[in-house]
*Asks:* 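Please see the structure below; I have some questions.
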Protein chains: 2
Amino acid sequence: MADVAKLAGVSKMTVSHVMNGHHHVRAETRAKVEAAMAAVDYRPNSTARALRRGRTGVIGLAVSNIHMPYTAELARGVSDVLQQYGYRVAIEETRGRSESETEAWLRSPLSYDGLLISTSSLHRVPPGTLPQGYPVVVLGESMDDLSVDHVGIANKAGLALATRHLLGLGRTRVAFVGGSLGEETDMQVSRTRGYAQALRHAGVAFDPALVLPTMSDAPGGHAAAAQVLAAGADGAVCVTDSVALGLMRGLADRGCRVPDQVPVVGFDDIELSQFASPTLTTVRPDKDELVATAVAMLVERMGGFDGPGRLRVVQCELIPRESTAL
Amino acid sequence: MADVAKLAGVSKMTVSHVMNGHHHVRAETRAKVEAAMAAVDYRPNSTARALRRGRTGVIGLAVSNIHMPYTAELARGVSDVLQQYGYRVAIEETRGRSESETEAWLRSPLSYDGLLISTSSLHRVPPGTLPQGYPVVVLGESMDDLSVDHVGIANKAGLALATRHLLGLGRTRVAFVGGSLGEETDMQVSRTRGYAQALRHAGVAFDPALVLPTMSDAPGGHAAAAQVLAAGADGAVCVTDSVALGLMRGLADRGCRVPDQVPVVGFDDIELSQFASPTLTTVRPDKDELVATAVAMLVERMGGFDGPGRLRVVQCELIPRESTAL
DNA sequence: TTGAAAGCGCTAACAG
DNA sequence: CTGTTAGCGCTTTCAA
């Protein structure tokens, strides 16, 4: 910048003014400075600018797994909405690196003006871990630290919806693929509770043999097909669409017809679900509202709002398709 | 930091030494400083540190569309490999925002130590756009600016492989879904050229009516099914697996059986392709080599290597599955 | 083993 | 309309 200033015969300040489009610069001066900038191929140093300004204009999105279609769609939505607020978004993948992903995040060498954290299994966050006044919104499962804003999905209600759908079809041995009976309240556990709840309300006995833990991806679902059949299930709800798509294929490989013999329901409504054969019945969370709410909360925080943590839960809707059309 | 220093009764420098684990600090002093850091909930300012050190330890990955499974898998691979080198990765989505995405990138408010740029259609980059000495590696289509390292996929050869596969099945009216006959060499155009080349080598006439432009996603493929049938195709290669999956469903919706009536081939080998019904024959680029090569080049550049731009192309392999099993 | 000085590249706040 | 001053929070260098 000093080089540019010297070459243009002005001060660094004037260069700064030109760079930032301050209107009170004479056209002639501006031209000189611009020429000088081009001549030395000047590139502003964004680190210095960020240090001085105290903000970067970038918000971070921490996800545990970019590979999940749900995550990709989330990232897309968040980028779009934040762009309207004048922010850029950088995504980092945590891969469940440490016990407390949050902690790892706060040590990020990048400076974000705010942080959106989305993990499917966010374990206990020791209260006080989050620095005062650092704008953070958590998407997904709840944290113990209630000083943080949080936007969740109605996992329990959503899965109850799916389960009830199969019970309504007259199925009585509905499996839950990708379920978990753990204590920590993560996404899998919440959904499993919804499953159990729906059975209870319908007066159907809960059979632990029908809860099949798997990896939450298509290979996991595929591998679970054998167990679904072995357990004598006559229907299956899955923890995610990816699992459901894998399961459907696994069942087909074993000569089991979907939906006739085993209707299948997923969760998330990823794009490919409507192009599968058969198309997949699924539970669709209101993603737009999820994103809009989270971003609005974050923007408020960045604007200085310092109230207590807020909680908002978005609802889900059942999308019936061929995989449960009897 | 000044607060911590004062509270611990030392200088800022000592705090810095403790923070950075310099060993020549007396245990007693270290303890005092650590206590003070905890007491004031001290958080180092990464921007200031980056400004002073001249590096952030983060590299940027620019993608045009996170939503594409291919992109997600790329991001995953890059993160994994760069982590071994001690770097973190931040992903930004460009969405083809400007004529020159590269330009937009270099204005990023975040400071990266290096940049990986992956776009499916990177248009002309005016030479000189990239700053001297800024480590950049481009993934995918080639740029005019040869001063930049570049790792490509053998798009043309890969699609020729796919096309030849269908010709070898005795098909003579093979459609290309998602093709493009444009002038700018983007991914779609390269793949279309591979299609045309395979036809030529086999002595099959090239019929422009069989090149069907679509969006490069599942809805695009689904919508193209009608045109594939209208064009009297007896086989279809697709620009991506997403398109192929959409197409297969579209054909099924019209009572057309895959593979008997119209065998289908995709490109990318995304995870869900092996769980579709029928499973999808596809062209698999050597993703591991792509990532390893790109990262190695970037690391060399960040290490000071300043030679001319290098070009490396990774090969593809045909993965036959049910969608072409006659 | 610790600390003082200097400055990374930029811009807010004011003067002129 | 343009420039001066004074740092942002940290670390490199070198001295004590």
Side-chain angles (χ1 to χ4, degrees), chain A residues 1-37 39-58 86 106-113 131-134 302 304, chain B residues 1-37 40-58 106-113 131-134:
Chain A
M1 188 159 144
D3 294 349
V4 173
K6 187 176 298 173
L7 189 61
V10 298
S11 75
K12 287 194 302 178
M13 237 8 266
T14 304
V15 176
S16 173
H17 284 142
V18 169
M19 239 189 344
N20 295 292
H22 292 184
H23 45 284
H24 42 55
V25 179
R26 226 173 43 196
E28 192 184 340
T29 312
R30 174 187 303 280
K32 268 195 313 195
V33 171
E34 276 163 355
M37 292 202 295
V40 302
D41 190 26
Y42 171 69
R43 308 275 166 177
N45 179 317
S46 40
T47 305
R49 174 177 291 184
L51 177 59
R52 183 63 245 229
R53 288 192 178 158
R55 59 184 300 277
T56 58
V58 180
L106 294 170
R107 299 224 171 291
S108 173
L110 249 27
S111 309
Y112 299 118
D113 292 344
Q132 304 274 8
Y134 188 40
M302 293 190 295
Chain B
M1 189 159 142
D3 294 349
V4 174
K6 187 176 297 171
L7 190 60
V10 298
S11 76
K12 286 194 302 178
M13 252 347 285
T14 303
V15 176
S16 174
H17 285 142
V18 169
M19 242 192 336
N20 295 291
H22 292 182
H23 45 284
H24 43 57
V25 178
R26 231 174 39 199
E28 191 184 339
T29 314
R30 175 186 303 279
K32 268 195 312 197
V33 171
E34 275 163 355
M37 291 201 297
V40 302
D41 190 26
Y42 171 69
R43 308 275 165 178
N45 178 317
S46 39
T47 305
R49 173 176 292 185
L51 177 59
R52 186 62 244 231
R53 287 192 179 159
R55 58 184 300 278
T56 58
V58 180
L106 293 170
R107 299 223 171 291
S108 173
L110 248 28
S111 308
Y112 299 118
D113 291 345
Q132 305 273 7
Y134 188 40

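Residue numbering restarts at 1 for every chain, and letters A, B, ... go by the order of the sequence lines. When reading the values below, keep in mind they use all heavy atoms of this one structure, side chains included, and skip hydrogens, waters and symmetry mates.
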*Asks:* Taking for each residue the nucleotide of DNA chain D bearing the nearest heavy atom, is the 5' side occupied by B:A2 or by A:G9?
*Replies:* A:G9
*Asks:* Counting C-beta onward and ignoring hydrogens, is there a side-chain heavy-atom pair between A:T47 and B:R53 closer than 4.5 Å?
*Replies:* no
*Asks:* A:L51 has an atom CG; how far is it from atom P of C:dG7, in whole Å?
*Replies:* 17 Å
*Asks:* Is there a side-chain contact between B:T14 and the phosphate of C:dT2, meaning an N or O under 4.0 Å from OP1 or OP2?
*Replies:* no
*Asks:* B:R53 or B:R26: which one's nearest nucleotide on DNA chain C is closer to the 5' end?
*Replies:* B:R26
*Asks:* Indicate whether OP1 or OP2 belonging to D:dT2 is found under 4.0 Å from a side-chain N or O atom of A:T29.
*Replies:* yes
*Asks:* Just to confirm, is there a sub-4.0 Å distance from OP1 or OP2 of C:dT11 to any side-chain nitrogen or oxygen of A:R49?
*Replies:* yes
*Asks:* Using whole Å, what does the distance between atom P of nucleotide C:dT2 and atom CE of B:M13 come to?
*Replies:* 12 Å
*Asks:* Could you tell me the separation between the NZ atom of A:K12 and the CG atom of A:D3, rounded to the nearest 0.5 Å?
*Replies:* 11.0 Å
*Asks:* Could you check how far NE2 of A:H24 sits from P of C:dT11, rounded to whole Å?
*Replies:* 14 Å
*Asks:* To the nearest Å, how far apart are B:K12 NZ and C:dT2 P?
*Replies:* 18 Å
*Asks:* Expressed in angstrom and rounded to an integer, what is the separation of B:M19 atom CE from D:dT12 atom P?
*Replies:* 10 Å
*Asks:* How close or far is atom C1' of C:dC8 from atom CZ of B:R55, stated in whole angstroms?
*Replies:* 15 Å
*Asks:* Should B:Y134 and A:R43 count as side-chain neighbours, where that means a heavy-atom distance under 4.5 Å?
*Replies:* no
*Asks:* Specify the separation, in whole Å, of atom NE2 of A:H17 and atom P of C:dC14.
*Replies:* 13 Å
*Asks:* Give a yes/no answer on whether the side chain of A:S16 brings an N or O atom under 4.0 Å of OP1 or OP2 in C:dT11.
*Replies:* yes
*Asks:* Once you round it to whole Å, what is the distance between C1' of D:dC8 and CG of B:N45?
*Replies:* 8 Å
*Asks:* Which sits closer to the 5' end of DNA chain D, B:T47 or B:H22, going by the nucleotide each is nearest to?
*Replies:* B:T47
*Asks:* At what distance, to the nearest 0.5 angstrom, does OG1 of B:T14 lie from CZ of B:R30?
*Replies:* 11.0 Å
*Asks:* Can you say whether the rings of A:H17 and A:H24 are parallel (under 30°), tilted (30 to 60°) or perpendicular (over 60°)?
*Replies:* perpendicular
